[in-house]
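Note sheet for the following structure.
Every value quoted in this text rests on a predicted model; they were computed, and no experiment measured them. Starting from 1, each residue takes its place in the sequence as its number.
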Amino acid sequence: MNQLCMGTGEEATAEEDADNAGRQDRASTGRGVALVVITLVLAASVAGTVVVFASHQTLLSAEFAKDTAGDTGVYGQFENEIITRVSRDIEDGSNPDDPFAPTFDPEAVAETAVTPEFVRAQLDANIDRYYRYLHGERETLDLYFDTEQLRVNLGDEIGKAARDIDLAAVVDEATAGIGTEIRDTGVEVPLNGETFERMAASETSYNEEAKQFRTELRAVALDRTVEEGEPAELLALIDENPEQYDEAERRRIVDEREEEIKRELAETEKFQTEFEESLEKERKEVVERIEAEVDRQKVDRSDAVARAVGELLVAMADGLFTDQPYGEFVDRVEQVDRELSDEAERRTRERIDENIPERIGLAEEMDQEGGDQMASYVQISETIGWALLLLSVGLVAGSYALSRSAVATLTTVGSGVSAAGLGLLVGAVAGGDWYVSQLRASLEDGGDPMGEFTAELLGGTFSFVATVSLLVLGFGVVLLGVGFAIHGE
């Protein structure tokens, strides 16, 4: 009986051992499957983490974009576009009918004013604004070129041309509406550009112009005096006794000896006094005409310009009619030149401000809604990246909790990390190169800096992913090696 009981007990124990062994096998199999799943999920989460954070260091990084823009000619492309627009704007704002408008080449001025430093600073600021918008640091997509410094540069460049006033042309334009013939003489007052240039050239030519003009007026005055004077008084000038001639004889002798009479007449104090008085009278008449023209020009021009032009003409008239010294004439001309230059530069800067907007918008045609959607994707990707990173850490902890084995944990994590690194490396090198080469093949040779920028941006991203993947693969292999080494002991 006792033997029977002992046999039954042994059989029960054997069955329990078999059950325990079966449960252990099943548990081991389950852990193995779980670790395989962890390996696969870990590989995916690590790969996703690498892609997200690598993208944020390259494709979604403002600094990386600025470096790429500098390498692909984007700055130069924007510089050319801004030069074209600015030259068109300043040409549209010029007034070819204005004799005081500066003469300049709009494109040359724009090329000088739109400096590479200005373009780079503005484009960098827009890249920063764009990426801040993508990352949720700005609410609106507001891209523009701030033209404050550009307008200063343009004002300086055009201002130089504006200050180069052609005073001879100013004189010609201003005297077009002035009657310059002296009444009852037929003599024209030479208020014109050519005379001004000769008067301003040197003291010698200034004096010659004045002498020539007054000589002509003196000749007219002598002719009129001889023609209208009493023959008896005229004959007395050449020591002829008029009493011995009748009126007809007196006139005949005057006509015959006219040149001699004029020479004597010109030396008389009476004639000289009357001539000086006539010069002053004629000067006043000319100045009145100038002042009337100045008042008329105030309708079309600023008071400052009209007054300066009037002063220039009066300075010329004084040089011709009076004994105004050359130095005084030069001082007056230089003062007029300064006033006209200042006014021309001021009006030029006003035109620039009117025709060059404070901002040149770069995003008028961009879809705000589409931009918002893109920004939301970028911001979600950041969240996904952190979530994947936390998931990867959790999976590492989970593998250890499940296996309770350093070897199993190392091999599981090493396998997952290695798989992630290898898969990303193959995809970044093979797939990335293929995609970028296809993109570049679609571009015209050197004709699309923005397309080249996009290709370079993506190429740099794939390159960075490949580099990080190689590091991840190496780290995974190290983990596997450590795990196998521990297991071998």
Side-chain angles (χ1 to χ4, degrees), residues 171 174-175 178-242 245 247 249-294 310-333:
V171 170
T175 56
I178 300 177
T180 56
E181 182 178 323
I182 299 176
R183 191 176 304 167
D184 300 328
T185 65
V187 177
E188 290 282 344
V189 183
L191 295 179
N192 55 62
E194 290 184 6
T195 301
F196 170 78
E197 288 180 336
R198 288 193 293 271
M199 292 178 70
S202 68
E203 185 173 3
T204 300
S205 57
Y206 172 82
N207 292 331
E208 287 177 353
E209 285 297 319
K211 179 180 179 181
Q212 180 179 339
F213 173 67
R214 275 176 272 182
T215 298
E216 185 177 2
L217 282 180
R218 180 180 284 105
V220 172
L222 288 171
D223 287 342
R224 186 170 60 242
T225 301
V226 171
E227 182 179 348
E228 298 175 356
E230 287 294 331
E233 296 179 2
L234 297 174
L235 290 176
L237 293 173
I238 55 175
D239 298 328
E240 285 283 354
N241 183 6
Y245 305 111
E247 191 64 26
E249 280 294 304
R250 291 174 184 172
R251 175 50 59 186
R252 183 185 62 78
I253 296 173
V254 167
D255 290 342
E256 288 178 353
R257 303 180 65 180
E258 180 177 349
E259 294 303 319
E260 184 181 353
I261 291 172
K262 288 179 182 178
R263 285 195 297 271
E264 296 298 328
L265 178 63
E267 299 297 324
T268 64
E269 183 178 349
K270 178 183 178 182
F271 174 80
Q272 291 178 5
T273 300
E274 290 178 347
F275 179 63
E276 292 296 329
E277 290 175 351
S278 69
L279 282 179
E280 180 58 25
K281 178 182 177 181
E282 290 158 355
R283 174 195 167 278
K284 288 182 178 179
E285 181 181 331
V286 170
V287 170
E288 287 175 358
R289 295 179 191 175
I290 292 173
E291 291 173 346
E293 179 64 14
V294 167
E311 173 59 23
L312 178 61
L313 298 181
V314 172
M316 285 187 67
D318 288 346
L320 294 170
F321 283 102
T322 72
D323 293 330
Q324 171 183 252
Y326 176 69
E328 182 179 339
F329 171 76
V330 170
D331 290 342
R332 293 172 73 178
V333 169

> Quick check: are there more than 12 heavy atoms from other residues, nucleotides or ligands sitting under 6.0 Å from CD of E194?
Replying inline: no

Could you pull out the closest heavy-atom pair between [X] and [Y], with the gap in Å?
{"X": "F196", "Y": "L312", "answer": "CE1-CD1, 3.7 Å"}
{"X": "S205", "Y": "R198", "answer": "OG-O, 2.5 Å"}
{"X": "L217", "Y": "F321", "answer": "CD1-CE2, 4.0 Å"}
{"X": "D318", "Y": "R332", "answer": "OD2-NH1, 2.9 Å"}
{"X": "M199", "Y": "M316", "answer": "CE-O, 3.8 Å"}
{"X": "G319", "Y": "A210", "answer": "O-CB, 3.3 Å"}

Nearest 0.5 Å, what's the [atom1]-[atom2] distance between [X] and [Y]?
{"X": "E188", "Y": "E216", "atom1": "CD", "atom2": "CD", "answer": "9.5 Å"}
{"X": "E274", "Y": "Q272", "atom1": "CD", "atom2": "CD", "answer": "11.0 Å"}
{"X": "D331", "Y": "Y326", "atom1": "CG", "atom2": "OH", "answer": "10.5 Å"}
{"X": "R283", "Y": "E280", "atom1": "CZ", "atom2": "CD", "answer": "5.0 Å"}
{"X": "E285", "Y": "R289", "atom1": "CD", "atom2": "CZ", "answer": "4.5 Å"}
{"X": "T322", "Y": "E276", "atom1": "OG1", "atom2": "CD", "answer": "10.0 Å"}

> Does the side chain of E282 reach to within under 4.5 Å of the side chain of V286, using non-hydrogen atoms?
Replying inline: no

>> In the structure I gave you, are the side-chain heavy atoms of L191 and L320 within less than 4.5 Å of one another anywhere?
In response: yes

> For the side chain of T175 and the backbone of N192, is there at least one donor-acceptor N/O pair under 3.5 Å apart?
Replying inline: no

>> Between K211 and E208, does the salt bridge (Lys or Arg N to Asp or Glu O under 4.0 Å) criterion hold? Intermediate values first, please.
In response: CA-CA 5 Å; K211 179 180 179 181; E208 287 177 353; over 6 Å; no

